[in-house]
Amino acid sequence: MTMTSAEIRQSFLDFFASRGHTIVPSASLVPDDDPTLLFTNAGMNQFKNVFLGLEKRPYTRAVDTQKCMRVSGKHNDLEDVGRDTYHHTFFEMLGNWSFGDYYKKEAITWAWELLTEVWKLPRERLWATVFKDERGELETDAEAAHWWQEVTDIDSQHVLFFGRKDNFWEMGETGPCGPCSEIHFDRGPEYCDKQDVPGHVCRVNGECGRFIELWNLVFIQYNRDETGRLEPLPAKHVDTGAGFERLVSILQGVDSNYKTDLFSPIMNRIQELAGHSDAEREENIVAYRVIADHGRAITFLIGDGVLPGNEGRNYVLRMILRRAARFGRKIGFQEPFLAEIAKVVIEIMGPHFTELPARQKFILETITQEEKRFYRTLDAGLALLDEIMDELAAAGETVIPGKKAFTLWSERGFPLDLTKDVAAERGFTVDEDGYWQAMEEHRLISGAGQRFEALGESEIEVYSRLLDDLRQKGKLPPQGVLHLYDGRVDLDTEVVALLKDGRIVTKAKEGDEVEVVLASTPFYVESGGQVGDTGFIAHYHEDEGEPRWEVEVQETYQPLPGLIVHRGQVVAGTPRVGDEVWAVVDYERRLDIARNHTATHLLHSELRYVLGEHVQQAGSLVTPDRLRFDFTHSAMLTQDELDAVERSVNDAILANYPLEVVYTDYHSAVESGAIALFGEKYGERVRVVKIGAPEKPFSQELCGGTHVSRTSEIGLFRILSESSVGAGVRRIEAVTGRAAQRLAQSRLNVLDAAAAYLKCRPEEVDRKVLSLMGELQSREKEIERLQRKIAQRDFETLLTQVRDVGGVRVLAARVEATNIETLREMSDWFRNRMGSGVIVLGAVMAGKPNFVAAITPDLIQRGLHAGQLIKAVAQVVGGGGGGKPTLAQAGGRDVSRMGEALSLVPDLVARAVSSETG
RNA sequence: GGGGAAUUAGCUCAGUUGGGAGAGCGCGGGCUUUGCAAGCCUGAGGUCACCGGUUCGAGUCCGGUAUUCUCCA
């Protein structure tokens, strides 16, 4: 009786739960607070700070299945996915963890027990590896080897020793590390894919597919310092990882991950959609695998709040999605189909990863939208490719240069295989060598940019040591600084630490910039988009009205969980560690922030009501002055929509809904309909802010921020702007309360003033302005008409100055004109009237001389050229010019010599004409 | 983080050594038709993304910024 994948996952979690482990939910695929990492790529990511000793958890034993993505680097290459049966972009990593609790004995015992007794894998097919340094520098892991023999009934011949590459695990250049012990499974000789290689012998850590690694038990016992030395750790940890998909394939007895029940429903759905026979499915198996694998990846990524975009992780998502779409096209899909694949993924994985069904509509819409975008770029690329081929065909070529093909790819995202296909239809080929050469050049130029830079660890270490120290001395409770911001704005407490210029000090003096750590604090710490509080920390002596010392707090932040730091300036006295203080928040400012924050929730709720449930928060900023709310929506909001949203928010304010804050656990909160945000990390206990009647809340969100107690306190809500942040994300900025009142007042004052100037009622200002603008426009036209009339009159008198130069009618004159267009127009009249001739007109515009020269086409053949003519004229006034043979213009600097310049024209014409005849 | 491309009328886009800002669709008015689809005539609509530089002169050349697209890491 084979187990389903869901049963296997659950049995893993249950097995360790029954041995004192806390079942921990998978962390998001988007690592928070770790800029060195594009995606969560291993089970230990979320515990990294625990291993580093920077963070404490309420448990010492944990078990989980972690969502992981590997798209580049040593572990995986996107291009390989689909070619074999076991590489994936998205996968689950099962793990059990000990944080300074049990160690090698238990880890080995339980792993063996689970594999052989619960999952009933035959022990004769299991192998274990243990660390033995090939350089002899590090200690052999005799302890692990001992326990393998002692607590398991593994065949003693099946315990092997391997060196650093396979059995020593390090997190990075420095940090926690240690030996590991791997468990391998022998799938049998029929799985060997190297049988035709001479001299090949199947073995553990060999080249072939017969032995595969099932489970890695890492024993963290050292810390590697900057000099590369290994220091034994006081607390030893266990970090294990078992690739879930591979495990399922073994337990279900299939030879490919894609044949497990994690993938086969997806593969079947692809076949159904494509209308393929079984033979056709086998022919296109690589495409099937790619679509199935990538389908899972994109579903989970979007489920964790990643949107397709053009940089960083957003770009990776787009790349994976488009790769899947491309393979889909290859096997015959003509329109977006990936949402159908995602539906199956959600069906399979939804029961355990509940964020998927909760976000289903959004996930599917996002996928289809991006797929459509991709089809559009393909269309654009096709048009461009056609153009390129047209040009080549005209030149008698049939090979598309590699560089052109690469440009299609790098600028339009148009893939090479498609270029080849389309080219072949018209009998063209592609210079692939040139393509790869261009790709290499591009890679060198753009890939030379540095990688992500690691954060300054030293700063963190100062805080980390400080926090440990304060806890040990009992200055702070185990959970750290008490954060008592909820519902209060002041409290009495004690200074437990002071920092100046990043160093721990015992006192500070007036004027110093300091960081103050208090035993408890009423200051809200920047979080969830809400800015931190400002205010004062002051030390009073009994019965004295004035404080002995006072610090003006400008910023509060949390460098580590449990540690809250107030940064500010000492405005009076000398603060000392140990002083009793009164910490008080700037109340008015806190209230302004609360108004904006509550209004943000109302806005979120109304946007979903007005625009639809696809609206998801994509970011927010709440300050005392204004609020900014980013959300997913594909189109610009119309004025009607904005009006509707603004009106509904104000209606909700007027309804004077009460607010209620409740603490509950994450799952029941989400189940009762509370909105949780993408990419946010929530603990088990969450804070829910409900607006409206408690039994039927108007809005409920998981939120740690500060709020008003009834909506009417918000006052007025007014949208300032609506704009775009990126593809599919819009931004609304708005004000409330005092800021809205100030805005309304100043706007109305301006309106009143405008009405007074216009001598009309404020309600009529827009109409009045429109009619004035209309009038202004018609007057401008009238002026233009009159100017033309004057010009025409001047032109008539000019005609009397036409001279005959060698049989050519020539007119050179200075006129009054305010723009170059008038000069051109006059030259048109001249040409129309004379039929044949040369005209050069000059006028002063903005204090500088300008010229236009025009020559009728018949005279061009006699060697005349307006451009050359005017160049010579302009030289006299210190300028230059040029143009076409028939029409040219020029400018200069010296107004006083304009007459002289124009007087040259007859001679110049005469010379040009005579050189032609002579 | 880096490379490349794009940004011109409400929309889709032309604009080739720097020298008259254009087309199609859409919109307004008029004509034709029994009516409709349409056709004909005519009109309005532009800070050529923004800022700076070169030049007598910049949609066009150079530098920077913003936004969008795209590739590499």
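Chain letters run A, B, ... following the sequence lines, proteins first and then strands; every chain starts at 1.
For A:E411 and A:G879, each mapped to the nucleotide of RNA chain B holding its nearest heavy atom, the one lying further toward the 5' end belongs to A:E411. Comparing A:L887 and A:W409 by the nucleotide of RNA chain B that holds the closest heavy atom to each, the one mapping nearer the 5' end is A:L887.
Judged by Watson-Crick or G-U wobble contacts below 3.5 Å, the nucleotide B:C69 has B:G4 as its partner. The base-pairing partner of B:U16, taking Watson-Crick or G-U wobble contacts with both distances under 3.5 Å, does not exist among the strands shown. Searching all strands for a Watson-Crick or G-U wobble partner of B:U33 with both distances below 3.5 Å returns nothing. Nucleotide B:A21 forms a pair with no other nucleotide shown, judged by Watson-Crick or G-U wobble geometry with both contacts under 3.5 Å.
Put simply, A:Y315 has no side-chain N or O that comes within less than 4.0 Å of OP1 or OP2 on B:A73. Dashed line: the shortest gap from a side-chain N or O of A:Q889 to OP1 or OP2 of B:G20 is under 4.0 Å.
Spacing between B:G22 and B:U47 at atom P, rounded to whole Å, works out to 15 Å. Spacing between B:G15 and B:U7 at atom P, rounded to whole Å, works out to 10 Å. For the C1' atoms, the distance from B:U42 to B:U54 is 43 Å, rounded to whole Å. Straight-line distance between the P atoms of B:A49 and B:C13: roughly 15 Å, to the nearest whole Å. Comparing B:G59 with B:A21, their C1' atoms sit 8 Å apart, to the nearest whole Å. For the P atoms, the distance from B:A6 to B:C61 is 10 Å, rounded to whole Å. When the C1' atom is compared between B:U34 and B:A38, the two are found 16 Å apart, to the nearest whole Å. Nucleotides B:G18 and B:C11 are separated by 29 Å at their P atoms, to the nearest Å.
A:Y435 has its OH atom 10 Å from the P atom of B:C71, to the nearest Å. One can place NZ of A:K871 at 12 Å from C1' of B:U17, the figure rounded to the nearest angstrom. One interatomic measurement links the two molecules: CZ of A:F374 to P of B:C69, which rounds to 15 Å at whole-angstrom precision. Straight-line distance from the NZ atom of A:K404 to the P atom of B:G4: 18 Å, rounded to whole Å. As rounded to whole Å, 16 Å separates atom P of B:G57 from atom CD of A:E821. Separating the CH2 atom of A:W436 from the C1' atom of B:C72 is a distance of 13 Å, rounded to the nearest angstrom. The interatomic distance linking A:Q868 (CD) with B:C56 (P) rounds to 19 Å, in whole Å. In this structure, CD of A:E370 is placed 14 Å from P of B:U68, rounded to the nearest angstrom.
Within the cation-pi definition used here (under 6.0 Å to the ring centroid, within 45° of the axis), A:R326 does not qualify as a partner of A:F374. Judged by the 6.0 Å distance and 45° axis criteria, A:K330 is positioned over the aromatic ring of A:F327.
Across all strands shown, A:A890 has heavy atoms under 4.0 Å from base atoms, whether or not it also approaches the sugar-phosphate. The residue A:G413 sits close only to the backbone: its heavy atoms come under 4.0 Å of sugar-phosphate atoms, none of a base.
Taking CE of A:M69 as the start and CG of A:N41 as the end, the distance is 10.0 Å to the nearest 0.5 Å. The CD1 atom of A:I400 lies 7.5 Å from the OG1 atom of A:T429; values are rounded to the nearest 0.5 Å. Interatomic distance, OG1 of A:T40 versus CZ of A:R70, reported as 11.0 Å (0.5 Å rounding).
A donor and an acceptor atom sit less than 3.5 Å apart, one in the side chain of A:H442 and one in the base of B:C71. Contact annotation: side chain of A:D828 to base of B:G20, donor-acceptor pair present below 3.5 Å.
Nearest to the side chain of A:M439, among B:G3, B:C72, B:C56, sits B:C72.
Ring geometry, A:F300 versus A:F90: the interplanar angle falls under 30°, so the pair is classed parallel (tilted spans 30 to 60°).
Judged by distance alone, with hydrogens and angles left aside, the side-chain atoms of A:R831 form no donor-acceptor pair with the main-chain N or O of A:T856 at under 3.5 Å.
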